[in-house]
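For reference, the structure is listed below as structure tokens.
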Amino acid sequence: MSTSPSLPVTVRRKIPLELRLWWEDLEKSEQGKIKLHLGGLTSLLKVRPRCDIIKALVTFWDPAHNVFRFSDFELTPTVEEVAGYMDVTEGLRHKYLIAPRAVNSHKFMDLLKISKGVPYTELDRGFSTLQFTYHRYGHIGGFNDPESGVCNRGNLEKWSEHRRFAFMVAFLGIVVFPRKDRNIDLKVAGIVKVLITNDKSIFAPMIVSEIYRALTACKAGADFFEGCNLLLQMWMIEHLCRHPQCMRYMSTNEDCIEGYNLRVSGLRLPEGFEEWISYLRAITAKQINWTLSWLPVEEIVYMPATGPHFLLIGLRGIQPYAPYRVMRQLGRCQVVHPD
């Protein structure tokens, strides 16, 4: 018997083969240079998307406070946790917050070092296909093809540099900031430009903002989750995985996404929307793994001097974020104040 009406929510169900092949075709040194900017996010390529978890979570989302409300507790993805998955928690308070910038078709071509003479009408509609970038930078054929329009003047080193930039645009546009039409928002190229030129920049708050926005939109009836569903499902599952042994809450200097499967091994997860709804309705605060074992909690972001909440700038909008509601997740005493 149905316990809750199933929502029409869908997520990106699989990582495109072209993106996987592109990553695997890069040399280790090239992958390392990309990780300097994206942190551990590239390991999301190995995570299997699960729509049932996201659909169930949407039903527990409180859009007025940007938290999940369960039987006797609330949870919400935090900036620190998302930054932890990216392995960029050090000096979080002093990072430069990236804001989206308008990128038109000409600017997009300029950033990806592609000749503006290459015809591509979709760019004028605010997006690029994965195939457009993959054809030029996904394999060595893009360098050798005189028709590709890449502006490297036969310089393989320059092409490799542009290739790293193009991969980051494709990865973020497909995996982290997905669109329902499976295309890449041109504004992502502007984000990558800041990541490369400012080594103190961070976009973890932007990821959190987009997750909040996607949850609220799906709660209101949207049929596609436009946030990073892979990070959200991992985050929820880890909070459900209680570790009986004593844990040391500090940085492990390891890829936290890479080690995810090992951390949750042995946990029996519900299968399907109905089972997840029943499971989450019955869960209590005593069954929650409040502080993630690999998350360094020496330094966290508290409320600003201007009030009890921040405004997180996302790719498509702005979302409020109230750190005082999630202190328990970060190893601190938590008292939820009146609204």
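With rounding to the nearest 0.5 angstrom, the CE atom of Met109 is 10.5 Å from the CG atom of Leu186. Of the inter-residue distances, the one linking Leu195 atom CG with Lys200 atom NZ reads 15.5 Å to the nearest 0.5 angstrom. One distance of note links CD of Gln287 with SG of Cys241; it measures 13.0 Å at 0.5 Å rounding. Here CG of Leu44 is found 10.0 Å from CG of Leu38. Values are rounded to the nearest 0.5 Å. Atom CD of Glu122 and atom OG of Ser128 lie 8.5 Å apart (nearest 0.5 Å). For the atom pair CZ of Phe177 and CG of Leu315, the computed distance is 6.0 Å after rounding to the nearest 0.5 Å.
In this structure, the side chains of Leu280 and Leu57 come closer than 4.5 Å at one or more pairs of heavy atoms. Side-chain contact check for Leu232 versus Ile53: every heavy-atom pair is 4.5 Å or farther apart. The shortest side-chain heavy-atom distance between Phe310 and Val79 does not fall under the 4.5 Å cut-off. Looking only at side-chain heavy atoms (C-beta outward), Phe203 and Leu172 come within less than 4.5 Å of each other. At least one side-chain heavy atom of Ile140 sits under 4.5 Å from a side-chain heavy atom of Leu156. Side-chain contact check for Met206 versus Leu97: every heavy-atom pair is 4.5 Å or farther apart. The shortest side-chain heavy-atom distance between Arg281 and Ile283 does not fall under the 4.5 Å cut-off. A 4.5 Å side-chain heavy-atom check between Arg101 and Lys107 finds every atom pair outside the cut-off.
Ion pairing between Glu226 and Arg179 fails under the 4.0 Å rule for side-chain N and carboxylate O. Using a cutoff of 4.0 Å between basic side-chain nitrogens and carboxylate oxygens, Arg136 and Asp145 are not scored as salt-bridged. Ion pairing between a basic and an acidic side chain is recognised when a charged N comes within 4.0 Å of a carboxylate O; Arg163 and Asp25 show such pairing. Salt-bridge annotation for Glu271 and Arg50: present, with a side-chain N of the basic residue lying under 4.0 Å from a carboxylate O of the acidic one.
Checked against side-chain contact (heavy atoms from CB on, under 4.5 Å), Ile196 has the following partners two or more places apart in sequence or in another chain: His37, Phe165, Met168, Val192.
Between Asp223 and Lys180 the shortest heavy-atom distance is OD2-NZ, 2.8 Å. Counting all heavy atoms, side chain and backbone alike, His139 lies closest to Trp159 at O-CZ2, 3.3 Å. Taking each heavy atom of Ser209 and Ile313 in turn, the nearest pair found is OG-C, 4.0 Å. The minimum heavy-atom distance between Val194 and Ser201, with the atom names listed, is O-OG, 3.6 Å. Residues Asn229 and Pro49 come closest through the heavy atom pair ND2-CB, 3.9 Å. Closest heavy-atom contact between Cys228 and Val175: SG-O, 3.7 Å.
Arg316 places no side-chain N or O within 3.5 Å of a backbone atom of Ala214 that could act as its donor or acceptor partner. In this structure, the side chain of Thr216 does not engage the main chain of Arg213 through any donor-acceptor pair within 3.5 Å. A side-chain donor-acceptor contact under 3.5 Å links Asn289 to the backbone of Glu238.
Side-chain N/O atoms of Asp124 and Ser105 include a donor and acceptor closer than 3.5 Å. With 3.5 Å as the limit, one finds no donor-acceptor pair spanning the side chains of Thr42 and Trp23. For the 3.5 Å distance criterion, the side chains of Asn66 and Gln319 qualify, holding a donor opposite an acceptor. Defined by atom type and a distance below 3.5 Å, a donor-acceptor pair is missing between the side-chain atoms of Tyr85 and Ser43. Checked by atom type, the side-chain pair Glu275/Ser278 shows no donor-acceptor distance below 3.5 Å. Side-chain contact of Glu157 with Ser160: a donor-acceptor pair under 3.5 Å is absent, judged by distance alone.
Note: Tyr137 and Phe167 fail the aromatic proximity criterion, with ring centroids not under 6.0 Å apart. For Phe73 and Trp290, the ring centers sit closer than 6.0 Å to each other.
Of the listed residues (Ile114, Val188, Val103), just one forms a side-chain contact (heavy atoms from CB on, under 4.5 Å) with Phe108, and that residue is Val103.
Note: Trp61 and Tyr212 have tilted aromatic rings, judged against thresholds of 30 and 60 degrees for the angle between ring planes. Ring pair Phe60/Phe70 is tilted by interplanar angle, where 30° to 60° counts as tilted.
Within the structure, every pair that satisfies the side-chain hydrogen bond (donor to acceptor under 3.5 Å, both in side chains) test and touches residues 110-121, not counting sequence neighbours, is listed here: Tyr120-Thr129.
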Q: Before giving the answer on side chain to side chain contact (heavy atoms under 4.5 Å, CB included), spell out for Glu81 and His239 the whole-Å C-alpha distance, their side-chain angles and the decisive distance to 0.1 Å.
A: CA-CA 11 Å; Glu81 289 169 328; His239 277 292; 2.8 Å; yes
Q. Does the pair Val82 and Thr78 meet the rule for a side chain to side chain contact (heavy atoms under 4.5 Å, CB included), with working shown?
A. CA-CA 6 Å; Val82 171; Thr78 69; over 6 Å; no
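Within 6.0 Å of atom CZ in Arg182, 12 or fewer heavy atoms from other residues, nucleotides or ligands are found, so the atom counts as exposed in its surroundings.
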